[in-house]
2 protein chains.
Amino acid sequence: MYSYAYPHPAVTTDIVIFSLRDNELKLLLIKRKGEPFKGKWALPGGFVQLDEDLEAAANRELAQETGVSGVYLEQLYTFGQPNRDPRERVITVAYYALIPSDRLTLTASTDAEAVGWFGMDELPKLAFDHETIVETAHQRLVAKLDYSTLAFQFMPEEFTLTELQAVYEIILRADIDKRNFRKWVLALERVEESGEYRRQGAHRPAKLYRLINRDQVDIIK
Amino acid sequence: MYSYAYPHPAVTTDIVIFSLRDNELKLLLIKRKGEPFKGKWALPGGFVQLDEDLEAAANRELAQETGVSGVYLEQLYTFGQPNRDPRERVITVAYYALIPSDRLTLTASTDAEAVGWFGMDELPKLAFDHETIVETAHQRLVAKLDYSTLAFQFMPEEFTLTELQAVYEIILRADIDKRNFRKWVLALERVEESGEYRRQGAHRPAKLYRLINRDQVDIIK
DNA sequence: TCAAAAGTGTTTGCTATACACCCATGA
DNA sequence: TCATGGGTGTATAGCAAACACTTTTGA
């Protein structure tokens, strides 16, 4: 038992994990095994350990559910409505993460819980206030495409400009002019040719590019 | 005594309260009366009550220290380094507030603690990690001037365009062209003439304007 | 009439957008 | 040789920045 002179809330981190699969923006949900909201889908998350930084807690949850680490992770917002959890006062510090498309080999589900990737249009009803959290994360993601190189975090080591363009088109749900997009990307000077080519199908091979600073997201404009 | 099956952190809100005084961007600090950091300057803040929303807690602290309410208040970031408070694990959800220049009549200091307004260039050493919090808030403020109407929240009911321009010049520490600024503001269509004039000094009176939606901060561009 | 701040347009450069055809490859 | 996606340049419009003089007032 842990006792305090005045009441303390519980603090969790929840993570909105985005990835692009099957030409769709998807996010990872887990099916709750226990009460409350047993059987409902929810964001991965858990309690913050007392000796653990918030971001470390988020990274731990991320690694637990996906097996990946070292990907883009950013604090989103802190949600603390008094009754968002029926058990006790729980304040959650929400994060969001972007998983490059090649880092998804195994869905290393730790304790045999059900996990699933859901497109933004096919989300089930979520536990707690997780729908609000997802919506906030989605807004942040879309907004950041406009003024940062955040979307580049979805790319694998090597990629073509057409693949990068597809990332923007999928998330923004809009067609982009090919020539203007390529001019724009190259002018940013954040990608360089790897020297390799991707040959697939009966057409001209595509130049492969890589990020100049893999882990850096820059504010642009 | 309050007891839990596993350890809980304490949760506080701290507020960075910005205002424009004496043609400077200033923020409100309080001098700590107790340990730790007794006698040091710190951000106003306090523990979140268990039945209280986070924003409500921030508003409560804000009203306690300044006597004002209903001003712009936005969640900034949550700081949770394990050792940021020497007593116990304390996670703080930081907010920032903007006080219009006419809402500062009395510094209604509740329990006779020392409070003071400090310019960004004359900040004392702060308690805890409050310097990091202040820096984060300042960056957010400066960034938001560029793509929102946030700065308008510093204005009183009626103001001249020159006064509004001064807000930008003070915060951005840059001279702005008068004609371009006025064209830009009027094109936003967020201010309207009040019909009144401000006459002060031996020169042409200035048209007074008011905000069309006083409480609304819009993303622009 | 003088000093002081208010108020007002035009030109120029840059950035964003629209738009169509040739290239390299495998089948 | 054909189908497929890769790759490229130019013209135009819209927005941002530079820039200087007239107006109104109180002393």
Side-chain angles (χ1 to χ4, degrees), chain A residues 20 22-23 101 142-143 145-149 151 155-156 158-170 172-210 218-221, chain B residues 20 23 101 142-149 151 155-156 158-170 172-210 218-221:
Chain A
L20 291 161
D22 313 323
N23 290 327
S101 44
V142 169
L145 288 207
D146 234 60
Y147 65 89
S148 79
T149 57
M155 305 318 290
E158 295 193 319
F159 54 90
T160 69
L161 294 186
T162 302
E163 286 162 1
L164 181 57
Q165 182 174 341
V167 171
Y168 281 85
E169 292 183 325
I170 290 166
L172 298 175
R173 296 175 186 279
D175 292 338
I176 299 172
D177 180 84
K178 193 204 275 198
R179 281 170 290 190
N180 292 338
F181 180 78
R182 295 161 95 93
K183 250 181 298 177
W184 175 76
V185 170
L186 296 175
L188 290 175
E189 299 188 308
R190 299 303 199 287
V191 300
E192 61 187 4
E193 300 184 11
S194 77
E196 304 294 309
Y197 288 83
R198 168 159 304 154
R199 355 189 122 247
Q200 61 169 15
H203 56 83
R204 182 171 175 175
K207 276 187 186 167
L208 288 170
Y209 289 80
R210 72 168 76 89
D218 298 307
I219 305 300
I220 50 184
K221 280 180 185 172
Chain B
L20 290 160
N23 290 328
S101 44
V142 169
K144 277 218 164 185
L145 288 206
D146 234 61
Y147 65 89
S148 79
T149 57
M155 307 316 291
E158 293 193 318
F159 55 90
T160 68
L161 294 187
T162 301
E163 287 162 1
L164 181 58
Q165 182 175 340
V167 171
Y168 281 85
E169 291 183 323
I170 290 166
L172 298 176
R173 298 176 185 276
D175 291 339
I176 298 171
D177 179 84
K178 192 202 276 198
R179 281 169 292 186
N180 291 339
F181 179 79
R182 294 160 96 93
K183 250 181 298 177
W184 175 77
V185 169
L186 295 175
L188 290 175
E189 299 188 307
R190 299 301 199 287
V191 299
E192 61 186 5
E193 299 184 11
S194 79
E196 304 294 308
Y197 289 83
R198 168 158 305 152
R199 355 191 123 249
Q200 62 170 14
H203 56 83
R204 182 170 175 174
K207 276 186 186 168
L208 288 170
Y209 290 80
R210 70 168 77 91
D218 296 307
I219 305 299
I220 51 182
K221 278 182 186 173

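Lettering of chains follows the sequences in order, A, B, ..., and the numbering in each one begins at 1.
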- Item | Distance, rounded to the nearest Å, where A:Trp184 contributes CH2 and C:dA16 contributes P | 10 Å
- Message: Taking any heavy-atom pair under 4.0 Å as a contact, classify A:Lys207: base, sugar-phosphate, or nothing.
- Response: sugar-phosphate
- Item | Nearest-Å distance for atom pair CG/C1', residues B:Asp177 and D:dC21 | 13 Å
- Task: Give the minimum heavy-atom separation between B:Arg210 and B:Phe159, together with the two atoms involved.
- Result: CA-CE2, 3.9 Å
- Got a donor-acceptor pair under 3.5 Å from the side chain of A:Arg179 to the base of C:dA18? no
- Task: Starting at atom CD of A:Gln165, determine the distance to atom P of D:dT8, rounded to an integer number of angstrom.
- Result: 14 Å
- For B:Arg190 against B:Ile220, the heavy-atom pair lying closest together: NH2-CG2, 4.4 Å
- Query: For A:Met155, which of A:Val191, A:Thr160, A:Leu164 qualifies under side-chain contact (heavy atoms from CB on, under 4.5 Å)?
  - Reply: A:Leu164
- Task: Taking the side chain as every heavy atom from C-beta outward, state whether A:Asp146 and A:Lys221 have any pair of such atoms under 4.5 Å apart.
- Result: yes
- What is the distance, rounded to the nearest whole Å, between atom NZ of B:Lys178 and atom P of C:dA5? 10 Å
Which atoms of nucleotides 23-27 of chain C (N or O only) lie under 3.5 Å from a protein N or O atom, and what are those distances?
from: C:dC23; atom 1: O4'; to: A:Arg204; atom 2: NH1; distance (Å): 3.2
from: C:dA24; atom 1: N3; to: A:Arg204; atom 2: N; distance (Å): 3.0
from: C:dT25; atom 1: O2; to: A:Ala202; atom 2: O; distance (Å): 2.8
from: C:dT25; atom 1: O2; to: A:His203; atom 2: N; distance (Å): 3.1

Atom pairs, protein N/O to nucleotides 10-15 of chain D N/O, distance under 3.5 Å:
from: D:dT10; atom 1: O4; to: A:Lys183; atom 2: NZ; distance (Å): 2.8

- Min side-chain heavy-atom separation A:Lys207-A:Tyr197 under 4.5 Å: yes
